[in-house]
There are 2 protein chains.
Amino acid sequence: MPASRREHLLDTAIDLFSEQGYRATGIDTILAKAGVAKMTLYNHFKSKDELILAALRRVDERTRAHFAEEISRRGATPEDRLRAVFDDLERWFADPAFNGCLFIKAAADYPDARDPIHALAAEHKRLIRQFLEGLAREAAARDPAGLAQQLQLLFDGATVQAQVCGGTEAALQARTAAETLIQAAIRPLPQS
Amino acid sequence: MPASRREHLLDTAIDLFSEQGYRATGIDTILAKAGVAKMTLYNHFKSKDELILAALRRVDERTRAHFAEEISRRGATPEDRLRAVFDDLERWFADPAFNGCLFIKAAADYPDARDPIHALAAEHKRLIRQFLEGLAREAAARDPAGLAQQLQLLFDGATVQAQVCGGTEAALQARTAAETLIQAAIRPLPQS
DNA sequence: TGATAAATAGACAGACCTGTCTGTATATCA
DNA sequence: TGATATACAGACAGGTCTGTCTATTTATCA
């Protein structure tokens, strides 16, 4: 029934890693939930770490595709597209399956920066920042890289706060703060 | 030689939890580094979870005391005290022992919000926000609670970004963005 | 149909983990 | 000195984890 055992394993793993964490999720738990034999997993992936890496690559691709599509669909002007980044946040936090950012948690579970898992998490954040920088440049921000990083601070901060404290209020404040930062970065300098 | 075995155990545990994570750090590792017998640990703490809770309480108290002292020492005006919150960030990130926020990582390692460890992490974030709200109120912000949360988004976002991507640039952008948000929250409304 | 590939269940080794127990040594204080 | 509390080293039980292996069954496709 599953399109491919490999993809089904990845989706199951993503769910469990998100819910319980990487180290806390045993191989056997993934196998039981997916209804797949152990050797099938080890035929598709060399090790648990390779499974984690493949799962994260999948989430990275999905996330960036979703970003690109949703944002270009919603925002009429480049400025609106920057704002649109924060419009999905509240719905995301309200989703019962929300459990924080998989990449932030990966970097926490594998703290050594040389670990391929940690490195992949860092690369994902870099790609998102790059995407924001493109939007900021189109919107004629004075310092596109700076605005992109500032907005990412709000984005990640909100994600963390929703995960730690629960609730969705962080999304609203992030949206409000983003508006302020965008205005300040695009409009003519206030006093000079 | 150590003042008290209990405190020495806590300090050692904090170092290792910060470096490797909670689940990834075994009791035996803590004991070996602290040079303490296993029964001594279990005489002072009922379980590993109790040790984690005690360690987090210690860090919570230290952090809030440091905040209160450093900020009131540095900032002349209430507005300066809000800024001062972000002045320490860069030094913190540059510290070789920096490994992200212990509370964010605790909430990630113990994702169930009913878990006492997760609950303690959430409470810590709440207390920090409360502290910021007090400063924002003294600074005559229009919406002290809102500004406090916005600044916390920057703070946590920067902490996460420094942990995941390394480097200290997040501190600078957080400082810059904080300035913009403070200005916008305190000065008269720009257009009305 | 028959041959080849893929998936199954489940046992297993070896490592690691938490928490308990024992018996001995050391420190504190009357 | 003697009595009491604390710390010690280290073995141990019972559990979990990853990854390997085997032997059997199910798909696939010519």
Side-chain angles (χ1 to χ4, degrees), chain A residues 1-57 102 105-106 108-112 115-118 120, chain B residues 1-57 102 105-106 108-112 115-118 120:
Chain A
M1 188 54 66
S4 126
R5 305 251 189 245
R6 195 187 130 94
E7 310 213 343
H8 183 228
L9 270 173
L10 283 176
D11 287 335
T12 309
I14 289 167
D15 286 351
L16 287 168
F17 289 149
S18 173
E19 198 179 315
Q20 308 181 341
Y22 301 91
R23 304 197 104 94
T25 303
I27 288 288
D28 290 337
T29 309
I30 299 171
L31 296 173
K33 182 162 181 186
V36 159
K38 192 174 261 193
M39 276 315 290
T40 305
L41 186 150
Y42 279 101
N43 280 334
H44 284 290
F45 306 98
K46 247 183 58 188
S47 65
K48 185 185 179 182
D49 277 13
E50 291 291 330
L51 172 67
I52 295 175
L53 281 170
L56 285 179
R57 275 191 283 262
L102 275 166
K105 291 164 83 169
D109 254 1
Y110 299 87
D112 183 348
D115 190 307
I117 296 176
H118 189 115
L120 183 56
Chain B
M1 188 58 63
S4 127
R5 304 258 192 249
R6 196 185 129 94
E7 310 213 342
H8 183 228
L9 271 173
L10 283 176
D11 287 334
T12 309
I14 289 168
D15 286 349
L16 287 168
F17 289 150
S18 172
E19 197 178 315
Q20 309 182 338
Y22 302 92
R23 304 197 103 97
T25 303
I27 289 286
D28 290 338
T29 309
I30 300 171
L31 296 173
K33 182 162 180 187
V36 159
K38 194 174 257 194
M39 277 314 291
T40 304
L41 186 153
Y42 280 100
N43 280 334
H44 284 291
F45 306 98
K46 247 183 59 189
S47 63
K48 184 185 179 182
D49 277 14
E50 291 290 331
L51 172 66
I52 294 174
L53 281 169
L56 285 179
R57 275 192 282 264
L102 275 166
K105 291 166 84 170
D109 254 1
Y110 299 86
D112 184 349
D115 190 307
I117 295 175
H118 189 115
L120 183 54

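Numbered from 1 within each chain, the chains take letters A, B, ... in sequence-line order.
- For residues 15-23 of chain A, proximity to DNA chain D is found at no residue, defined as any non-hydrogen atom under 4.0 angstrom from a strand atom.
- Taking every heavy atom of both residues into account, A/Asp109 and A/Gly21 meet most closely at OD2-C, 4.2 Å.
- Within the structure, no pair that satisfies the salt bridge (Lys or Arg N to Asp or Glu O under 4.0 Å) test touches residues 43-56 of chain A, not counting sequence neighbours.
- Within the 4.0 angstrom heavy-atom criterion, no nucleotide atom of any strand lies near B/Thr29.
- Contacts classified as ring pair (Phe, Tyr, Trp, His ring centres under 6.0 Å) and involving residues 11-30 of chain A (residues at least two apart or in different chains) are given here: A/Phe17-A/Tyr22.
- Among residues at least two apart or in separate chains, side-chain hydrogen bond (donor to acceptor under 3.5 Å, both in side chains) pairs with a member in residues 29-45 of chain A are A/Asp28-A/Lys38.
- The minimum heavy-atom distance between A/Ala108 and A/Pro111, with the atom names listed, is O-CD, 3.9 Å.
- Contacts of A/Leu120 classified as side-chain contact (heavy atoms from CB on, under 4.5 Å), with partners at least two apart in sequence or in another chain: A/Leu53, A/Leu56, A/Arg57.
- Contact record, B/Ala34 with B/His8: O-CE1, 3.0 Å, taken as the closest heavy-atom pair.
- Among residues two or more places apart in sequence or in another chain, the side-chain contact (heavy atoms from CB on, under 4.5 Å) test is passed with A/Asp115 by A/Tyr110, A/Asp112, A/Ile117, A/His118.
- If you measure from atom CZ of A/Arg6 to atom C1' of C/dA6, you get 15 Å, rounded to the nearest angstrom.
- For DNA chain D, the residues of residues 37-53 of chain A within the heavy-atom distance limit of 4.0 Å (strictly under) are A/Lys38, A/Met39, A/Tyr42, A/Ser47, A/Lys48, sorted by number.
- Residue pairs satisfying the salt bridge (Lys or Arg N to Asp or Glu O under 4.0 Å) criterion with at least one member in residues 15-27 of chain A, sequence neighbours excluded, are absent.
- Partners of A/Ser18 by side-chain contact (heavy atoms from CB on, under 4.5 Å), not counting sequence neighbours, listed by chain and number: A/Asn99, A/Leu102.
- Here the P atom of nucleotide C/dT8 and the CG atom of A/Leu31 are 9 Å apart, to the nearest Å.
- On the nucleic acid side, DNA chain D contacts chain A at distances under 4.0 Å to non-hydrogen atoms, with the end points of that region at D/dT18 to D/dT22.
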